[in-house]
Novice: 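If you scroll down you'll find the structure; I have some questions about it.
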Amino acid sequence: MIRDTIVKNLEQAAAQAQQQGLIPQVDLPDIVLEHPQNPEHGDYAATVAMKLAKAARMNPFTIAEAITSVLSPIDGVEKVEVLRPGFINIVLSHDWLTRQVDEILNQGIQYGNSALGQGTKLQLEFVSVNPTGPLHVGHGRGSVLGSTLANILSATGYSVEKEYYINDAGNQMDNFFASLYARYREAVLGLPAEMPPDGYFGQYMIDLAQDLESEKSKIESMSEEEAKAHLGKLGLEKMLRQIDEDLKLLGVEFDNWFSEQTLYDSGQFEKIMALLGQDNHIEEREGAQWFVSTELGEDKDNVLVRSSGVPTYFAADIAYHYNKFAERGFDRVIDIWGADHQGHVSRMKTAMDALGISGNNLDILLSQMVSLRRGEEVVKVSKRTGDIVTLREVIEEVGADVCRFFFLARSANSQMDFDLELAKKQSLDNPVYYVQYGHARIAGIMRLAREKGIDYSNGNVSLLTEPAELDIIKLLIQFAETLEIVAKTLEPQHLPYYAQDLATSFHNFYEKCRVITEDEQLTAARLKLVEASRFVMAKALHLMGMNAPERM
RNA sequence: GUCCCUGUAGCUCAACGGAUAGAGCGACUGCCUUCUAAGCAGUAGGUUCCGAGUUCGAGUCUCGGCAGGGACGCCA
């Protein structure tokens with residue numbers, strides 16, 4: 001990327017300026033290039049001179065001049081200017097810019113990819129909802145976040161595996177089994193039954209029981225324990241299948257579904273307990289096994305194994321994460337959790353440190369709560385009664401693309417209102433369609449070009465001189481930068497905003513510059529630009545898991 | 001009480017410590033004999049919750065308030 005080239009050259013120039021005694025030998029800050037808002041300030045701007053001013057005890061303007069005076073020429077850079085108080089503004093050359101159109105066409109669908117991740121083996125775990133009920137909107141947010149990050153991290157050179165962790169062991173499973181068995185007795189066997197007090201009371205449990213009606217004769221011949229286990233196994237499978245289907249509606253798929261139960265079956269759990277015990281991180285109190293995390297800087301200690309002998313969720317999660325790093329060899333792990341798990345973040349990292357795995361290799365993103373609204377009316381959600389609006393209902397109501405875009409465009413750590421009314425009412429003027437319409441217009445032009453049999457392969461891109469044309473090119477070359485920003489910050493909202501900017505600049509171009517005209521030379525050049533825009537626009541949409549429609 | 005997230009235009013939200021804080025929706029004014037008007041151009045709309053501090057420079061960092069949400073269990 002030219003951005004990297006410029007940074008490297010500026011670094012060399014700064015070092016050289018120091019060697020020549022133009023500026024004092026102080027530590028050089030990382031050189032950061034930004035895109036100035038004001039086009040008069042060039043295409044890139046460096047602020048290094050201002051940052052050096054204090055340590056160097058020099059006027060930033062003088063520092064900037066010193067650096068630029070020894071800066072060697074850079075291919076693609078036309079002009080380097082120093083402006084008060086000490087900005088180094090960089091203007092790209094017209095020739096280099098237009099050449100990028102050919103470059104994009106050469107790279108095709110690869111354009112925008114980078115080697116940033118250097119093949120780092122990375123696991124992204126998200127959703128991981130307990131399979132005891134259907135997904136709701138909040139889960140949709142996490143799943144869109146996760147799948148989009150996975151796409152972008154793959155494009156930026158990480159070797160990514162997407163995983164869903166199935167909590168198929170422990171308390172909530174017992175509860176689920178007991179609830180299902182009770183519902184089955186009532187709904188299928190017509191017998192009295194008592195739901196567990198903290199059971200799952202949603203209507204879906206009754207539906208689930210009725211779906212298993214074909215098991216009736218088998219169940220009747222079984223003991224209660226056998227029946228519970230049998231129904232539970234089938235019910236769990238059905239729940240998982242439903243979750244999988246709902247996620248697929250949103251365009252979310254996993255590479256691996258990992259069962260919690262296997263941690264116990266494989267001895268993984270025993271292993272981490274032994275490891276922690278051996279380093280004196282475990283103490284027994286009142287019959288329970290405690291992780292002495294206060295000694296590692298945590299606010300409190302946490303139970304790993306209850307006095308009943310049943311391990312806690314936390315303990316299983318430690319074993320699970322140990323498995324990710326130590327057994328499966330991931331270099332880096334990213335988890336996406338709901339904000340209600342925030343209290344778990346710090347102790348999880350601490351546990352990793354205790355096992356000799358740096359918690360720094362574990363990133364935990366929290367996706368904040370989503371509340372549903374219908375205009376002024378707040379859509380009430382009650383977990384206890386199971387009275388929830390499911391993710392599937394929302395997708396069916398507003399569409400998967402709208403759903404994905406709305407979730408993506410908001411930073412994960414902001415709570416959001418999802419207004420169903422707005423998502424639908426706006427549907428014709430909404431940013432989602434604005435972006436997709438940009439792609440459809442592009443496709444329309446290319447379609448016409450094909451119908452007319454226009455060969456633009458020899459188009460001369462240097463004929464692209466209109467500001468509207470150059471604006472698009474400048475945005476196209478920012479695509480890879482945007483993907484890297486997302487990969488570094490793990491904040492995918494930059495991509496939908498980029499896509500909107502690109503759509504704006506294309507719509508503007510469309511209005512000002514007719515592509516297919518009598519002028520064959522210009523037509524060919526512009527078709528190249530349109531085709532390059534199509535690659536990038538389609539890729540941006542696909543990375544977000546959205547459709548890039550040919551027509552609308 | 002402690003900890004985490006948030007507070008930016010009427011609404012929903014952006015903005016690696018940089019130059020004149022931006023989009024979409026909503027409001028108002030223009031633009032369709034042309035490759036799609038699901039578009040374009042323009043106008044109005046801001047004490048970035050409040051107060052201190054750090055610095056050449058703060059919506060962004062620090063501290064203290066205020067407001068909303070969340071977490072503080074041998075639940076997950």
Side-chain angles (χ1 to χ4, degrees), chain A residues 30 32-38 40-41 45 47 50-51 53-54 59-60 83-87 89 128-130 132 167 170-172 175 198 285-290 299-300 302-314 316-317 338-346 366 368-369 371 373 406 409-419 422-423 425-438 440-449 451-452 485 488-489 493-494 496-497 500-501 503-504 506-517 523 526-527 530 551-552:
Chain A
D30 281 342
V32 179
L33 281 186
E34 62 186 42
H35 292 283
Q37 297 170 22
N38 185 340
E40 287 173 21
H41 294 148
T47 57
M50 271 108 70
K51 294 193 162 92
K54 186 165 193 186
N59 180 328
L83 256 72
R84 50 168 175 109
F87 288 100
N89 292 340
S128 298
V129 179
N130 291 344
T132 54
N167 294 110
N171 276 343
Q172 81 286 340
N175 234 321
D198 47 354
R285 285 175 219 155
E286 295 159 7
Q289 307 281 319
W290 291 74
D299 289 342
K300 30 174 214 177
N302 300 95
V303 173
L304 295 173
V305 181
R306 301 178 179 92
S307 47
S308 66
V310 178
T312 60
Y313 155 83
F314 177 45
D317 225 13
D340 54 341
H341 284 61
Q342 56 163 268
H344 188 55
V345 172
S346 178
L366 297 177
Q368 293 291 329
M369 294 190 47
S371 32
R373 274 189 5 201
F406 270 54
R410 275 138 195 74
S411 143
N413 42 22
S414 299
Q415 296 157 224
M416 69 175 281
D417 282 349
F418 195 106
D419 186 342
L422 209 64
K425 190 181 79 183
Q426 290 183 351
S427 64
L428 291 187
D429 284 298
N430 143 345
V432 180
Y433 295 97
Y434 181 83
V435 173
Q436 289 183 321
Y437 184 52
R441 272 185 153 176
I442 290 173
I445 295 172
M446 298 313 296
R447 199 159 48 233
L448 182 69
E451 282 163 11
K452 293 192 170 223
I485 288 171
K488 283 178 186 162
T489 60
Q493 74 265 22
H494 300 289
Y497 280 93
Q500 270 189 95
D501 286 346
T504 297
F506 187 81
H507 286 309
N508 177 51
F509 160 77
Y510 183 92
E511 207 68 29
K512 300 213 167 89
C513 306
R514 194 177 161 83
V515 176
I516 297 173
T517 63
T523 296
R526 284 184 172 164
L527 280 172
V530 173
R551 305 172 191 269
M552 285 174 74

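Proteins come first, then strands; the chains are lettered A, B, ... in the order of their sequence lines, and each starts at number 1. Nothing here was measured: the structure is a model prediction, and the numbers come from that model.
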Novice: Starting at CZ of A/Arg306 and ending at P of B/A76, how long is that distance when rounded to a whole Å?
Specialist: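 So the CZ-P distance, A/Arg306 to B/A76, works out to 4 Å.
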Novice: Indicate, yes or no, whether a donor-acceptor pair under 3.5 Å links the base of B/C40 to the side chain of A/Glu511.
Specialist: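 Side chain to base: no pair present.
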Novice: Can you check whether any acceptor in the base of B/C16 is under 3.5 Å from a donor in the side chain of A/Glu34, or vice versa?
Specialist: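 Side chain to base: pair found, below 3.5 Å.
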Novice: In terms of base orientation, is B/C16 syn or anti, with the syn window spanning 90° either side of 0?
Specialist: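 Anti conformation for B/C16.
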Novice: What is the distance, to the nearest angstrom, from the OH atom on A/Tyr497 to the C1' atom on B/U12?
Specialist: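 Rounded to the whole Å, the gap is 9 Å.
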Novice: Short question: side chain of A/Asn38, backbone of A/Glu40 - any donor-acceptor pair under 3.5 Å?
Specialist: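 Side chain of A/Asn38 to backbone of A/Glu40, a donor-acceptor pair under 3.5 Å: yes, one is there.
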Novice: Check the distance between B/G73's P and A/Leu304's CG and give it to me in whole angstrom.
Specialist: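 Checked: the CG to P distance equals 16 Å.
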Novice: Classify the ring geometry of A/His341 against A/Tyr313: parallel below 30°, tilted from 30° to 60°, perpendicular beyond 60°.
Specialist: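 Perpendicular.
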Novice: What distance, rounded to whole Å, do you find between the two C1' atoms, one in B/A9 and one in B/G70?
Specialist: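 It comes out at 28 Å once rounded to the nearest Å.
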Novice: Between A/Asn413 and A/Ser411, does the side chain to side chain donor-acceptor pair (under 3.5 Å) criterion hold? Intermediate values first, please.
Specialist: CA-CA 6 Å; A/Asn413 42 22; A/Ser411 143; 2.6 Å; yes
Novice: Ring centres within less than 5.5 Å and planes less than 30° apart: is that true of A/His341 and B/A71 in this structure?
Specialist: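 No, the aromatic ring of A/His341 does not stack with the base.
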Novice: Please confirm whether the backbone N or O of A/Asp417 pairs with a side-chain atom of A/Ser371, one donor and one acceptor, at under 3.5 Å?
Specialist: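 Absent.
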